[in-house]
Amino acid sequence: MLSSAEKELIVEIWTKMTPVAEEIGSEALLRMFTTFPKTKTYFSHLNISANSEHLRSHGKKIVEALAEGAKNISTLTTTLAPLSRFHAYQLRIHPTNFKLFNHCILVTLACRMGDDFTPVTHAAIDKFLSAFSAVLAEKFR
Amino acid sequence: MVQWSDSERKTIASVWDKINIDEIGPQTLARVLVVYPWTQRYFGAFGDLSCASAIMGNPKVSEHGKTVLKALEKAVKNVDNIKTTYAQLSQLHCEKLNVDPDNFKLLADCLSIVIATNFGPAFNPAVQSTWQQKLLSVVVAALTSRYF
């Protein structure tokens with residue numbers, strides 16, 4: 001359950017992240033591939049080495065989708081319907097991987113924001129990412 | 001038996017060297033209680049945990065945070081023997097404290113995030129992978145090992 005203060009905080013943070021979507025997204029992905037190597041199994045068709053074109057463009061896509069979701073938190077199911085179908089019927093990613101990626105986004109934000117990544121901010125973003133992932137996994141079965 | 005390369009041992013030692021237990025311990029435990037409020041169930045005797053600022057200023061949380069990090073030091077100084085090192089602590093958490101072991105992972109995740117806020121880019125993907133994925137997951141497994 002996101003309070004209105006948390007929703008505002010989330011919009012604020014993701015608005016700040018949009019101009020650096022490529023850096024944030026590619027760093028989070030790289031952290032995930034390094035820390036949880038099994039996640040690479042979904043990317044055998046791409047070059048996901050550090051700084052690769054694929055890593056950067058894919059990272060950018062993900063962060064931009066998160067920012068879009070942040071602007072429409074109360075209508076996540078509708079906003080994310082196409083992405084949800086895509087993840088369910090085409091990508092078919094094992095749902096536990098969403099948690100792994102979410103954790104890496106949090107670590108990326110923590111490294112960049114330092115003390116500004118307060119426990120309250122951490123909680124709000126974690127809740128948002130969980131809600132976002134739940135919608136992405138909604139149509140899995 | 002967990003195998004540690006020389007570079008992993010160095011990474012673990014160098015991260016630990018820079019950690020101030022008296023700061024990181026309290027920050028980590030406070031973060032767990034704020035971000036995952038159901039964990040507060042284990043801390044009924046700690047007084048005011050009613051909101052984030054109460055948790056972050058709570059002296060019992062702070063003391064206990066230091067206790068937890070001091071216990072982690074045992075693993076850091078003894079990476080070849082983590083399971084044996086934590087056998088008793090595991091039994092304690094199961095039999096006396098009745099802590100759901102799924103919560104250990106939450107503490108591990110929060111510790112990584114606190115280290116990240118303090119180290120910044122120095123907590124790069126390779127360091128995160130050794131410290132978090134390997135060391136902390138071995139610690140969590142060891143603490144879960146005496147549950148039945």
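None of the values given here were measured: they were computed from a predicted structure. Order of the sequence lines fixes the chain letters, A, B, ..., with proteins taken first and strands second; residue numbering starts at 1 for each chain.
Dense packing is recorded around NZ of B:Lys66, with more than 12 heavy atoms of other residues, nucleotides or ligands lying under 6.0 Å away. Atom CG of A:Asn47 sits in a crowded spot, with more than 12 heavy atoms from other residues, nucleotides or ligands closer than 6.0 Å. Around the CG atom of A:Asn51, the shell of radius 6.0 Å holds no more than 12 heavy atoms that belong to other residues, nucleotides or ligands. Within 6.0 Å of the NZ atom in A:Lys139, the count of heavy atoms belonging to other residues, nucleotides or ligands exceeds 12.
Criterion: ILVMFWY side-chain heavy atoms under 4.5 Å apart, direct or through other members. Under it, B:Leu97 and B:Tyr86 are part of a common hydrophobic cluster. A:Leu9 and A:Val11 are members of different hydrophobic clusters when ILVMFWY side chains are connected at heavy-atom separations under 4.5 Å.
Legend: salt bridge (charged side-chain N to carboxylate O under 4.0 Å, His left out) pairs involving residues 108-128 of chain B, not counting sequence neighbours, sorted by first then second residue: B:Lys105-B:Asp109.
Neither the backbone nor the side chain of B:Phe119 comes within contact range of chain A, judged by heavy atoms closer than 4.5 Å.
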Inset, instruction - Mind running side chain to side chain contact (heavy atoms under 4.5 Å, CB included) on B:Ile113 and A:His103 for me, showing each step along the way? - result: CA-CA 9 Å; B:Ile113 286 173; A:His103 179 69; 4.1 Å; yes
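For the pair B:Asn124 and A:Arg31, the tightest heavy-atom approach, listed with the atom from each and the gap, is C-NH1, 3.6 Å. Taking every heavy atom of both residues into account, A:Phe117 and B:Arg31 meet most closely at O-NH2, 2.7 Å. Shortest non-hydrogen contact noted between A:Thr34 and B:Ser129 is O-OG, 3.1 Å. Nearest heavy atom pair, residue B:Gly120 against residue A:Cys111, reads O-SG, 3.2 Å.
With hydrogens and angles ignored, the 3.5 Å screen pairs no side-chain donor or acceptor of A:Thr35 with any backbone N or O of B:Gln133.
Interatomic distance, B:Thr117 OG1 to A:Leu106 CG, rounded to the nearest 0.5 Å: 12.0 Å. Rounding to the nearest 0.5 Å gives a distance of 7.5 Å between OG1 of A:Thr108 and CD of B:Gln128.
The most heavy-atom pairs under 4.5 Å with chain B, out of A:Ala110, A:Ala124, A:Ala123, come from A:Ala110.
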